[in-house]
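FYI, side chains are in, hydrogens and waters are out, and symmetry mates aren't considered; it's all heavy atoms of this structure. Below, chains carry the letters A, B, ... as their sequence lines are ordered, and counting in each starts from 1. Owing to the predicted nature of the structure, the values given are computational and were not obtained by experimental measurement.
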Amino acid sequence: MSIELRGVTAGYVQDVPVVRNIDMHVPTKAIATVIGPNGSGKSTLLRSVVGQTPQTTGSIVVDGAEVRGVSAHRRVIEHRVAFVPQVANVFGPLTVMENLEVGGARVPRKQQRRRISELLDTYPDLAAKRRIRAESLSGGQRQLLALARALMTSPTTLLLDEPSAGLSPAMMDSMFDAVRNTRDLHDVTVLLVEQNAVQSLEISDFGVVLVAGELAMHGPARDILSDPTVGRLYLGAA
Amino acid sequence: MVEVLVDTAVRGSIIALLAVGLTLIQGTLRFANVAHVEFATLGGYSAVALTGAGLGLLLSSALGVALVAVLAVVLYRLLFRRLLRSGPMIALIGSLALAIVIRATLQLLYGSRPRYLPTPLERGIDFHGALITPSQIRLVCISLGLLALLALVLKFTSLGRAVRAVAANPELADVSGLNRGRVVDIVWMLSAGLAAVSGILLSIDSAVGIELGFNLLLPVFAAAIVGGLGSIAGAVIAAYALACAESLVLQIDWGAIVGGTHHLEVGYRPAVGFALLVVMLAFRPQGLMGRAVRRG
Ligand SMILES: Nc1ncnc2c1ncn2[C@@H]1O[C@H](COP(=O)(O)OP(=O)(O)OP(=O)(O)O)[C@@H](O)[C@H]1O
Ligand SMILES: [Mg+2]
């Protein structure tokens, strides 16, 4: 129920590591936020945990199991990792309902039905749009659908890449509420990347600062929030 | 004009069965498989070989379709999956090479003389002035039935949803826990199977020759592209529209324009598909049912 990275180096092309030598630990049922400048490798870090970016060295342990060399779809099914990518995070031409069904394609039919009705109860906005194609949803509904789709497998580890991107301030609040409620209700460990660092750190237990592919800082969210250098560089403080 | 209708139904069905497969492969793997039409030729020759070995026509056809479907998966695993790692252009060129190899091999095995399937001699039926054979009626019915079945499978089954999900967003499909490799295998089997059916139906209606598939390459690509690559409904509509246009162009007496009576020779038929393709690419490059942006 925890995420543990030891000496993780990962990249897209051989001998060009994008994230280097990352050590971090997110305990069970904690929320951790990764912040950092554009292109610092935040998405790459998340993708290497789900197995979409080739990992060259190090070890990734999810819920006590080493997942190195395990394919992405097996990490999702067998190690109960769920991932919401930064872009293209829904199946556009599929309806809301179909997106959820695909999210739960590998869970037993009865459980799938139950899960869909639970999630539609939790997100009434989506329930009203269940026959609508995902590509015609509003930005906020789309992000909610992306989250709901990821929750179909009842994950224990949830990876979210900028879930509040492109949302209005009101929708942003409800997105962060949704993330926190998900942790509280579904017992998941959450690792998220966010540009809206302050809000995200406020709902988080831990914070991670990634600069140029390396871990610049790692600690309780409170400490990151109050760190003067981080504040000046990434939190928009004066 | 009834002749145009019969012509459209028969040729449109053959093109449609091939175009949907091409568009499915393109949709899920983002590459145009030039060798796709060779699956039709292979279907025809499999049926020839199996009937030659003494099996009945129906059994031979079914086995032939299954053989081609399995061969397609093997080719994907051994050849195309590797080529695709180097990009869609390499895979396309590889498929061109494969098509040539398939034709050369068949030529070696069967020579260039056309082969006929042992079909019972049936009397043509007079349909409002046009002659239509029972095998043509069967061809159209089987094709429409299979196309409808494919549409239902894609729309309403979990396999169909998985195929559409992989086509819409392959990476997201992976992290949704779908086994993309298996979905793609099934897409190859379905596509090649439908192509083989088309080749066998065409062989029953006329004959099978080395060029059976190759002669369909242009209209099939035209239908898939005009329909909007990745769109099944688009490919089917475009296939029948193209067949209709071809038939009309050949039937029309151009004498009204050039004087006397003047019909185009059948050799001009492929030009119709080409013209349609050019017009479409110029004015609506995403095709009839295509989306300007497919991913998301
Ligand atoms: N698919 C890819 N192939 C090759 N290089 C990539 C790929 N994706 C990202 N990169 C490179 O890796 C580096 C880190 O990218 P990444 O997307 O992880 O950064 P990020 O911190 O998430 O940025 P952003 O804040 O813009 O989302 C960048 O230099 C980028 O160009
Ligand atoms: Mg990113």
Side-chain angles (χ1 to χ4, degrees), chain A residues 43 46-47 49-53 70-95 97-109 112 133-137 139 142 145-146 148-155 157-161, chain B residues 20 23-24 26-30 77 81 85-87 151-187 227-235 286-296:
Chain A
S43 297
L46 234 53
R47 290 163 55 94
V49 176
V50 76
Q52 278 198 324
T53 303
V70 178
S71 67
H73 80 264
R74 283 186 50 217
R75 291 193 202 190
V76 170
I77 299 306
E78 290 164 28
H79 298 279
R80 301 179 69 189
V81 177
F83 173 54
V84 176
Q86 183 172 356
V87 290
N89 55 13
V90 294
F91 298 104
L94 274 62
T95 65
M97 199 66 177
E98 288 173 337
N99 266 271
L100 296 178
E101 283 163 344
V102 169
R106 299 288 291 277
V107 300
R109 178 55 63 106
Q112 182 187 332
R133 284 167 186 250
E135 63 203 357
S136 28
L137 294 178
R142 223 174 140 123
L145 176 60
R149 191 233 86 228
L151 293 175
M152 278 301 297
T153 49
S154 309
T157 301
L158 181 59
L159 311 168
L160 304 172
D161 200 344
Chain B
V20 292
T23 216
L24 269 175
Q26 159 70 32
T28 45
L29 289 173
R30 308 278 189 275
R77 295 251 180 129
R81 200 163 56 178
R85 282 188 206 129
S86 315
L152 290 174
V153 165
L154 286 175
K155 181 85 188 130
F156 294 111
T157 67
S158 61
L159 170 68
R161 270 196 301 275
V163 171
R164 284 184 293 135
V166 168
N169 193 334
E171 283 90 30
L172 194 63
D174 284 342
V175 297
S176 297
L178 287 182
N179 187 341
R180 175 152 46 122
R182 230 199 59 197
V183 173
V184 170
D185 282 350
I186 293 173
V187 167
L229 279 172
S231 163
I232 299 292
Q286 75 271 36
L288 280 179
M289 314 279 278
R291 300 145 183 282
V293 179
R294 288 199 63 84
R295 309 197 61 177

What's the separation between atom [atom1] in [X] and atom [atom2] in [Y], rounded to the nearest 0.5 Å?
X: Leu178(B); Y: Arg106(A); atom1: CG; atom2: CZ; value: 7.5 Å
X: Asn99(A); Y: Arg161(B); atom1: CG; atom2: CZ; value: 11.0 Å
X: His73(A); Y: Arg182(B); atom1: NE2; atom2: CZ; value: 9.5 Å

For [X] and [Y], work out which heavy atoms get closest and say how close.
X: Val76(A); Y: Ser176(B); value: CG1-C, 4.0 Å
X: Phe91(A); Y: Ala168(B); value: CD2-CB, 4.4 Å
X: Leu172(B); Y: Ala88(A); value: CD2-O, 3.9 Å

Give, as side chain, backbone, both or neither, the part of Val50(A) having an atom under 4.5 angstrom from any heavy atom of chain B. side chain
Has the side chain of Asp174(B) got a donor or acceptor atom that lies under 3.5 Å from a matching backbone atom of Gln52(A)? no
Flag the pair Pro93(A) / Arg164(B) as yes when at least one side-chain heavy-atom distance between them is below 4.5 Å, and no otherwise. no
